Structures are given as C-alpha cells and as structure tokens.
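Please read the structure below before turning to the comments.
Naming: A, B, ... by sequence-line order, numbering from 1 per chain. Because the structure is a prediction, the values reported are computed rather than measured.
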Protein chains: 2
Amino acid sequence: MEPLAEKKKAILESTLELVKENGFHGTPMSMVAKEAGVAAGTIYHYFDSKERLICELYSYVKQRAIDALQAGDNEDLPYQDRFFAIWMSLYTFYIKNPNVLRFFEQFVNSPYNTNIVEVRHDEFHSLLYLFFEKGIEQGHLRPVNPEILGVLAHGSIITTAKVYGRGKVRLGDAELKQIAQILWDGMSVR
Amino acid sequence: MEPLAEKKKAILESTLELVKENGFHGTPMSMVAKEAGVAAGTIYHYFDSKERLICELYSYVKQRAIDALQAGDNEDLPYQDRFFAIWMSLYTFYIKNPNVLRFFEQFVNSPYNTNIVEVRHDEFHSLLYLFFEKGIEQGHLRPVNPEILGVLAHGSIITTAKVYGRGKVRLGDAELKQIAQILWDGMSVR
DNA sequence: TGCTTTCAATTGAATATTCATTCGGTCGGC
DNA sequence: GCCGACCGAATGAATATTCAATTGAAAGCA
C-alpha cells in the first residue's frame, strides 16, 4: 500500500531491467540485489521467493499498462476516435517502456504464469472487453465475440511495437495510423 | 542430414515437450535425457551445449511451420482464397501443435534468440513477406509495408490460436472465418 | 531531557541444492 | 581389435534461500 517502500520499489525496477536483458534465468537474485543497491537478504524481507518477486512484478507493471490505457481514453469522444486514441496510447506506452513489453512477453509464456495469478479478475482484460462489447452494442463494430476483438486489437499493438523494437523498420505517424486503420476497417461495420 | 538419427530426434522431441510444460529453466538436461530414453552424456554427443540444443530445436520446429505454410498454399488459386487458405492452415498447425506454439513464444522472447540464429535468411519470414508484397503489386492489398502486413497477419493467427489454447472460448469454423475476414477486410483494397 | 528497550529493517557470509558438463569406460558392428 | 555411439556416475560452478548479527529510529520511562 503506502508509497511502496523505497527499497521494494528499487528491487522491482531492477528486476524489470535485468529480466529484459537476461531473461528469468540469467538474472540471479544476487544480481538483482546488486543492481538495486541492497543486500541479498533484503529481497527476502519483501518477497517470499523469486517466484513471488516475479509475480508481484507482473502485477506492478500491469497496473502501469492499465493506467496508460485509461489515460488515453476519453468516454466523451466518438467511438471511433476512442478506438484510435486507445490504440495509440497503448502503442506509445510499449514503445516508451520496452522493458515492460519484453517482460510481459516472457512472463505470459513462462511457467510462472500458469499458476494462480491471472485467475482473479484481470482489470486490463475486462477494460478491453467492455470497450469492444459496447462498440458492438452501439452498432459500431461487427458482432464478433468481444473477447476476440480485444485480443486481436491488443495483439496488433504488441506486434507493431515489437517490429518497432527490432529497429529494422521505421514507423512514422502516418504508418501507425494506417495500421490502426486496418484494424478499425476490419472490425467495424461498414 | 540423413534421416536425423533416432536418438537425436527423440532428444529434440522430448525437449519440445518438456519446455512447453516447464520452460527453459525447469527442464534440466537430466530430465530431457530421461524423457528421451538416453543417457545424459548422449545429448552432448549430438549437441555442444544446452544453448545449441535449444537453438537447433528452434530451427527444427520452424521448418515444420514452413511446411505447414507451404502445404496450405496453392499459387493457382485466386489471391483472396490463398490468403484464407494460408491463414487457416497456419492456424490449424498451431492448434494441432500447441507445444510448438508455446515453445516459439518462449524462445522468441528469450536471450537465446538475441544471438546469431535468425540472422541468416529467415525463410518463414520471407515467404510471408513475398506473399504480401505480391498482393500489393497485384492491387489486392493496400500499399502498406509488406513486413507489417506479414507480422499483423501472423500475429492474428498466433493470437487466435492462443485464445483457443486457453480453452475459455469456443471457436467454431464460422467464427474463425470471421476473424480471418476481419484481417482481410482491413488489409484489402475495397 | 537523558537513558533504556524494542523491533523492524537490513546485512552478507554460509548453506544446501540443483544442474550443465565431463570423461573414463562399455558395447556392438566392421 | 578399431571406432563411433552410448552410458551414467562424478565434478564443479551457480545460485536461491537462510539466519545470526547489526543498525537506528521510535517508544517508554524517570
């Protein structure tokens, strides 16, 4: 709760950074400790185990994605504008936080994920779901399972951000707009 | 080369299976050996190290994806039909080989990947690239960077396969068609 | 105020375990 | 008897986790 103890935060941030570069294995607790400027034992004051550390980091970082999602949205705008605004703000979030993107991708496909986490209500997921559900109700989007629309849209964002991250393709604003447009044109009722 | 030594193949298949369940860490060489029915030392007869084993497995498995891609394609069909056929055959491949999907996702985001692999000509990638490039040239698709179109389409397949894999959503043939249609409608010139 | 007590935060060396890798040796065909 | 495939116990390096010891700030007390 409270402003997340100084050291606890440092541990989380260090882990995020190191996992991006070295993966889950490849980042021993001793390395995390060093990077965070604390003793190895201190980590265990805040986290029961490495597994818990990773899982808490996941929640911690996911909240940031939720914030980005909500910050970019404005319920007063026309639906289509909201779609593009959300697309762009999430994209921008991933571009600005490449370590988050990388961590997510690693975590989601790791055995850490199979466990309890995720089971409890997933806010990010339901925000997307509700947004697309509403689009269908209001007649903007095709009547396809909103779950699918949500992951398709999010997938396109992640995918585009990864392409950007590989650095081989330059993506200007115009091109980004084109990509979001592809999704919109495909999903919307014409 | 030659019909891939019996044991070598067993090692690769076992690794694929175990990595799916336990991740890269979490699958010690001893476990691979046991599952494959060989001695630990034998693995090192075929692979220099664990890293090499993982990387070779990646190539091995990727070839299967390429085969699926090509098997589903027929250059004589109209372009749009080819698009749907490719989409479906890759989707089917991932559905039938969930361990491949899982392994890919883990590998691509792991530090193993940053290394040399991938650098040399990536056939899967260029097959997709060429297909979309041709679609643009022939006026079927919007003039967007074919690289982007390729990863968007592939991303939608992977994403859909993952949703299926989570098992929470039932996906009938009609629904799959709808998803591919969304992509097509978005990318094609109307 | 000065003194003691308490206790959570912190340390980092020691522990115990887990694994990748090695290597001396066996086996079967040529 | 030569040789490559194969074996599996032994080795050695990592590394997650523990814990006895230290700190320092707040709380009680006189």
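- Taking a 4.0 Å limit (strictly below) on heavy-atom distances, residues 28-40 of chain B reaches DNA chain D at B:Val38, B:Ala39, B:Ala40.
- The shortest distance between side-chain heavy atoms of A:Leu171 and B:Ile148 falls below 4.5 Å.
- Between the side chain of B:Ser110 and the backbone N or O of B:Phe107 there is at least one donor-acceptor pair closer than 3.5 Å.
- Counting only residues at least two apart or in different chains, ring-ring contact (aromatic ring centres under 6.0 Å, His included) contacts with residues 148-173 of chain A comprise A:Tyr94-A:His154, A:Phe124-A:His154.
- Scanning for side-chain hydrogen bond (donor to acceptor under 3.5 Å, both in side chains) contacts around B:Lys162 gives B:Glu105, with sequence neighbours left out.
- Rounded to an integer number of Å, the gap from CG of B:Asn22 to P of C:dT18 is 15 Å.
- Rounded to the nearest 0.5 angstrom, B:Phe103 CZ and B:Ile54 CD1 are separated by 5.5 Å.
- Considering all non-hydrogen atoms of both residues, B:Lys20 and B:Gln106 come closest at O-NE2, 4.2 Å.
- Residues forming a side-chain hydrogen bond (donor to acceptor under 3.5 Å, both in side chains) with A:Glu13 (at least two apart in sequence, or on another chain): A:Tyr60, A:Arg64.
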- Item | Sequence-aligned protein contact record of nucleotides 23-30 of chain C, with B where the base is within under 4.0 Å of a protein heavy atom and S where only the sugar-phosphate is | --------
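- Listed by chain and residue number, A:Glu17 satisfy the side-chain hydrogen bond (donor to acceptor under 3.5 Å, both in side chains) test with A:Asn99 (two or more places apart in sequence, or in another chain).
- Summarising the geometry of A:Lys7 relative to A:Val38, their closest heavy-atom pair is CD-CG1, 3.6 Å, with the distance given to 0.1 Å.
- The nearest whole Å value for the distance from the CZ atom in B:Phe47 to the P atom in C:dT22 is 15 Å.
- A:Asp76 is linked by a salt bridge (charged side-chain N to carboxylate O under 4.0 Å, His left out) to nothing, counting only residues two or more places apart in sequence or in another chain.
- Taking A:Asp81 as the reference, nothing meets the salt bridge (charged side-chain N to carboxylate O under 4.0 Å, His left out) condition, with sequence neighbours excluded.
- Applying the side-chain hydrogen bond (donor to acceptor under 3.5 Å, both in side chains) definition to pairs two or more places apart or across chains, none involves residues 22-40 of chain B.
- When DNA chain D is scanned 5' to 3' for any atom under 4.0 Å from a heavy atom of chain B, the first and last hits are D:dA5 to D:dG8.
- At whole-Å resolution of the value, NZ in B:Lys50 and C1' in C:dT18 are 11 Å apart.
- At its two ends the helix from C:dT1-D:dA30 to C:dC30-D:dG1 runs along axes set 10° apart, each axis drawn from five pairs and the angle rounded to 10°.
- The side-chain hydrogen bond (donor to acceptor under 3.5 Å, both in side chains) analysis of residues 132-141 of chain B, with sequence neighbours excluded, yields the pairs B:Gln138-B:His140.
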